[in-house]
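Note sheet for the following structure.
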Amino acid sequence: MQSESATQRTVLLIVCLGAFISPLMLSAVNVAIPGIAQDFGATATAISWIPLAYLLSSAVFMLPAGRIADGYGRKRIYQTGMIVITVASSLAALSESIGWLLFCRALQGLGAAMLFATGQAMLASVFPPAKRGRAIGLSVSAVYLGLTAGPALGGWAIAAYGWRASLLIHLPLALLVIGITRLKLTGDWRGDESRKLDLTGSLIYGGALVISMYGLSSLPGATGIACIILGCVGFIVFFRYARRRADPIFDVSLFRTNRLFTFSCLAALAIYAATFSISYLMSLYLQYIKGLAADSAGIIMIGQPLIMTLLSPVAGRLSDKYEAWVLASSGVGLVCVGLGLLASLTADSAVMTVFIYLMLTGMGFALFSAPNMNAIMSSVNKRHLGLAAGSVSTMRVLGQMISMAIVTVVFALLVGPVEVVLLDHDLLMHSIRMSFVAAACLAATAIPLSLKRGNMRLDAG
């Protein structure tokens with residue numbers, strides 16, 4: 001039987017490794033997008049689904065995965081998710097069509113959903129409140145380390161072995177996590193085991209998400225508009241259903257009764273929606289507009305996640321002493337400035353200027369993320385830790401999905417169904433800039449949300 005401190009170290013290790021792997025899968029493949037587009041002759045809308053398929057699948061399955069983990073054990077679901085990622089990544093590397101690649105990306109998203117739904121809950125289960133901020137800060141730092149390593153490792157792998165290698169670089173670590181979890185972590189943690197999976201709610205929620213995202217990618221056609229309307233109706237039906245049901249798949253009661261929890265989650269949704277598409281847009285900008293090779297582009301793209309990696313542990317420790325609204329709101333302000341500067345880029349902008357703008361955006365995000373996460377996890381009692389972890393993960397993935405959806409809409413409206421390799425560079429540059437303008441406006445909405453959350457130590461419930 002492991003001691004409490006040994007269990008804490010083991011859980012922190014596997015959660016940080018998982019937190020590193022998930023963004024590595026995303027950021028490494030973003031560098032590969034120009035190569036994939038060329039091999040498969042894909043349109044701008046089609047390649048936007050490479051990250052979107054992963055995120056959509058994660059969003060659809062995350063809530064059911066969290067509920068299942070409450071009954072069957074969070075460690076068990078976490079380990080299963082890593083196995084699914086390993087299998088899906090291997091199959092993705094064998095893709096012979098864009099359709100098969102998107103299917104495998106969705107399968108990767110299923111595995112990632114199992115990690116997202118359980119990782120933070122496992123940390124909150126083994127670390128007391130006084131040490132939780134530091135542990136969360138380290139796990140957030142691992143996310144940004146994955147984002148940092150992804151472009152560089154992905155660029156190197158692509159230059160050496162082709163774009164398929166970018167889908168495999170995380171497999172050794174995934175196998176290591178599976179082994180450590182199986183051999184070193186003997187205990188497990190559950191939530192309220194009496195709570196059953198709400199299959200009806202899961203289907204309504206998942207269906208509304210899928211229909212909405214398909215509609216956004218089909219704009220400006222009539223089918224796209226109809227699907228968006230149908231998706232909005234689906235979300236209304238879901239929330240009305242969830243309010244009436246005693247044990248819904250997503251308990252909306254905390255959003256009505258816990259101000260700190262509600263505004264912290266909404267701020268996370270807005271900031272992830274504003275920032276996630278940066279690496280995707282930078283990959284297009286650096287490789288198509290600036291003409292850089294994949295490995296060189298990858299080095300430039302590490303500016304944002306590198307500073308996030310370095311500052312997140314510091315921000316996490318500060319959140320144990322100072323109120324989240326002070327730290328996080330300052331971070332959001334820096335993010336807005338960074339996105340505005342990225343929107344000002346032109347084809348003639350210096351590469352070093354791009355790097356500095358990315359670092360500034362990363363500095364703001366680091367100052368926001370760990371304090372915001374600590375506020376969410378500290379705003380609920382122990383019985384609701386699983387719900388809080390699932391909620392913040394849902395906000396993150398929904399935000400990331402919205403971010404890519406915005407890019408998809410911008411490109412669909414400005415570019416249309418044209419192969420990326422055939423795009424006029426002026427039109428591509430205009431589309432990238434408009435995407436950053438939309439992102440900056442969206443980030444600005446997170447400022448009042450962050451300011452209105454209240455004090456963590458007075459309002460936590």
Side-chain angles (χ1 to χ4, degrees), residues 26-38 42-52 147-148 150-152 154-155 158-159 163 166 274-308 335-362 365 400 403-416 418-443:
L26 279 170
S27 55
V29 175
N30 279 341
V31 183
I33 282 174
I36 296 171
Q38 183 172 1
T43 66
T45 300
I47 64 168
S48 70
W49 274 91
I50 294 173
L52 192 53
L147 289 171
T148 304
I158 293 163
W163 63 263
S166 66
T275 58
F276 178 74
S277 61
I278 291 175
S279 64
Y280 176 86
L281 294 169
M282 281 292 99
S283 178
L284 297 178
Y285 173 79
L286 292 171
Q287 294 186 66
Y288 282 117
I289 304 299
K290 301 299 290 183
L292 298 181
D295 50 352
S296 299
I299 295 298
I300 301 302
M301 288 167 62
I302 69 173
Q304 177 194 356
L306 177 62
I307 199 71
M308 289 155 66
V335 169
C336 290
V337 173
L339 289 170
L341 291 172
L342 288 171
S344 72
L345 292 175
T346 67
D348 298 324
S349 297
V351 170
M352 183 54 65
T353 299
V354 177
F355 189 80
I356 292 171
Y357 290 173
L358 289 173
M359 288 189 69
L360 179 63
T361 308
F365 197 99
Q400 291 171 338
S403 187
M404 286 308 306
I406 290 171
V407 172
T408 301
V409 170
V410 171
F411 275 75
L413 294 176
L414 299 181
V415 174
V418 180
E419 290 186 23
V420 178
V421 294
L422 301 178
L423 274 179
D424 175 75
H425 278 198
D426 289 339
L427 183 56
L428 178 60
M429 187 71 245
H430 180 60
S431 301
I432 291 171
R433 293 184 68 183
M434 288 301 99
S435 296
F436 278 127
V437 168
C441 293
L442 188 56

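Taking OH of Y280 as the reference point, atom OG of S403 lies at 11.0 Å (rounded to 0.5 Å). In this structure, OG1 in T408 is found 5.5 Å from CG in L52, a value given to the nearest 0.5 Å. Put simply, CE on M404 and CG on N30 are 7.0 Å apart, with the number rounded to the nearest 0.5 Å. Taken to the nearest 0.5 Å, the OG1 atom of T353 stands 8.0 Å off from the CG atom of L345. Rounded to the nearest 0.5 Å, atoms CG (L427) and NE2 (H430) are 7.5 Å apart. Taking CZ of F411 as the start and CD1 of I47 as the end, the distance is 7.5 Å to the nearest 0.5 Å.
The shortest side-chain heavy-atom distance between V354 and M282 falls under the 4.5 Å cut-off. The closest side-chain heavy-atom distance from I278 to F436 is below 4.5 Å. With a 4.5 Å cut-off on side-chain heavy atoms, S344 and Y357 count as touching.
Nearest heavy atom pair, residue L281 against residue S435, reads CD1-CB, 3.7 Å. Contact detail for L442 and A274: the closest heavy-atom pair is CD2-N, 3.9 Å. The heavy-atom pair separating A32 from W163 by the smallest distance is CB-CB, 3.7 Å. Between A297 and L286, the shortest heavy-atom contact is O-CD1, 3.7 Å. Across all their heavy atoms, A440 and G340 have their closest contact at CB-N, 4.1 Å. I406 and A438 get closest at one heavy-atom pair: CG2-CB, 3.9 Å.
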Checklist line | Candidate pair I432 and L342, rule side chain to side chain contact (heavy atoms under 4.5 Å, CB included), full reasoning | finding: CA-CA 9 Å; I432 291 171; L342 288 171; over 6 Å; no
Note to self: Determine whether T361 and L358 satisfy the following criterion, side chain to side chain contact (heavy atoms under 4.5 Å, CB included), listing intermediate values before the conclusion.
What the structure shows: CA-CA 5 Å; T361 308; L358 289 173; 5.6 Å; no
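Listed by first then second residue, pairs satisfying side-chain hydrogen bond (donor to acceptor under 3.5 Å, both in side chains) with a partner in residues 292-302 number zero, not counting sequence neighbours.
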